[in-house]
Amino acid sequence: MITYLYDGTFEGLLTVIATALKEGVAVNAITAQGDWQPDLFTEIRQLATDPAVAEEFFQQLQTRFSQRLVLDLGYCFLAEEVGIEKVLLDFIRLVFSHGESISRNVTNPTVMRIRRISDKVGYEIIRMQGFVRFRQLRNGFYYAAIEPDYNIVQFLAPHFTSRFADQQWLIHDVKRNTGISYNRRRCLFIPRVEINQEIVAASQPHLSGAAQGYFTPEEFRYQELWKQYFRETAIAERSNPKLQRKNLPVRYWRYLVEVIR
């Protein structure tokens with residue numbers, strides 16, 4: 001049994017899966033190098049990322065299978081769950097052997113896990129489209145901090161590029177320190193965001209006192225209007241905090257303007 005070590009990137013994982021399928025070897029695990037824990041009983045093989053191999057294999061997946069299935073693979077990788085790499089290998093082996101119809105057989109534990117994880121990531125993308133709150137910096141740039149459960153910031157690009165095409169903005173995944181930035185022409189992924197950490201802290205409305213030096217006066221007026229709107233439209237007799245927390249979990253509150261603490 002072989003344990004493959006890779007660099008943690010999607011390209012690296014595709015390189016490993018393509019190699020494992022070609023060689024037909026029994027795989028114990030596929031692990032990012034930084035997460036590997038040495039043991040005495042497993043053969044270790046460190047595989048360097050080969051962009052050409054990864055691209056060829058990805059094109060093969062796109063040719064043979066539906067866009068939905070390929071998207072499921074990407075969603076599951078971005079879920080960052082422990083051991084997901086081996087699950088993806090097992091799933092790809094299944095669909096290569098039995099055809100894409102096997103991906104609808106939810107009685108299969110591998111298929112069921114792929115479907116469950118993909119659905120959760122897809123739901124997180126939809127949620128974050130509604131939970132992003134931009135704040136205008138003094139230089140005119142709009143900044144939004146988020147901390148999603150999954151590594152989905154790149155999947156937010158189409159929605160916000162379309163919705164805010166006339167603005168310059170940055171959506172910053174604080175948990176992973178990555179982001180997407182739009183300059184009115186194109187949207188770019190930023191693998192490492194360089195930003196003053198005080199701006200990140202000031203993006204939390206309950207720390208508004210720290211924000212005075214970073215955001216425009218108009219920004220604070222809009223925030224007050226937004227809060228007033230929520231206060232005025234709320235129906236006190238129908239207040240249901242338990243249901244509110246179900247639909248808007250507390251872990252998302254940190255960067256939301258309208259949450260009244």
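Worth knowing before you read on, the calculation uses all heavy atoms, side chains too, and leaves out hydrogens, waters and symmetry mates.
R64 forms a cation-pi arrangement with F96, by the criterion of a distance under 6.0 Å to the ring centre and an angle within 45° of the ring axis.
The aromatic rings of W226 and F230 sit perpendicular, their planes meeting at an angle over 60°, well past the 30° parallel limit. Between F10 and F77, the ring-plane angle classifies as tilted under the 30° and 60° cut-offs.
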Next on the checklist: Run the side chain to side chain contact (heavy atoms under 4.5 Å, CB included) test on V153 and F189 for me, step by step, so that the C-alpha distance in whole Å, both residues' side-chain angles and the decisive distance to 0.1 Å come before the verdict.
Outcome noted: CA-CA 9 Å; V153 68; F189 173 68; 4.1 Å; yes
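For Y150 and Y123, the ring centers are positioned 6.0 Å apart or more. Between Y255 and F131, a ring centre-to-centre spacing not shorter than 6.0 Å is recorded.
Here K120 does not pair with D149 in a salt bridge; the nearest charged N to carboxylate O distance is not below 4.0 Å. Salt-bridge annotation for D166 and R184: absent, with no side-chain N of the basic residue lying under 4.0 Å from a carboxylate O of the acidic one.
Side-chain N/O atoms of D7 and T49 include a donor and acceptor closer than 3.5 Å. In summary, the side chains of E85 and Y4 do not present any donor paired with an acceptor at a separation below 3.5 Å, with no hydrogens or angles considered. Judged purely by distance below 3.5 Å, without hydrogens or angles, the side chains of T3 and E43 never pair a donor atom with an acceptor atom.
Annotation: F164, atom CZ; neighbour count of heavy atoms from other residues, nucleotides and ligands within 6.0 Å is above 12. Few gaps surround CD on E23; more than 12 heavy atoms of other groups in view lie less than 6.0 Å from it. R68 CZ: more than 12 foreign heavy atoms inside a 6.0 Å radius.
Not one N or O on the side chain of D72 forms a donor-acceptor pair closer than 3.5 Å with the backbone of Y75.
Contact check for I180 versus L188: no side-chain heavy atoms found under the 4.5 Å cut-off.
Within the structure, the side-chain hydrogen bond (donor to acceptor under 3.5 Å, both in side chains) test picks out the following pairs touching residues 170-180 (sequence neighbours left out): E80-R176, Y143-H172, H172-N177, D173-R176. Among residues at least two apart or in separate chains, there is no side-chain hydrogen bond (donor to acceptor under 3.5 Å, both in side chains) pair with a member in residues 152-163.
Rounded to the nearest 0.5 angstrom, R45 CZ and I2 CD1 are separated by 6.5 Å.
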Under 3.5 Å, which donor-acceptor pairs do the side chains of residues 53-61 form with other protein atoms, sequence neighbours left out?
residue, atom, partner, partner atom, Å
E55, OE2, Q59, NE2, 2.7

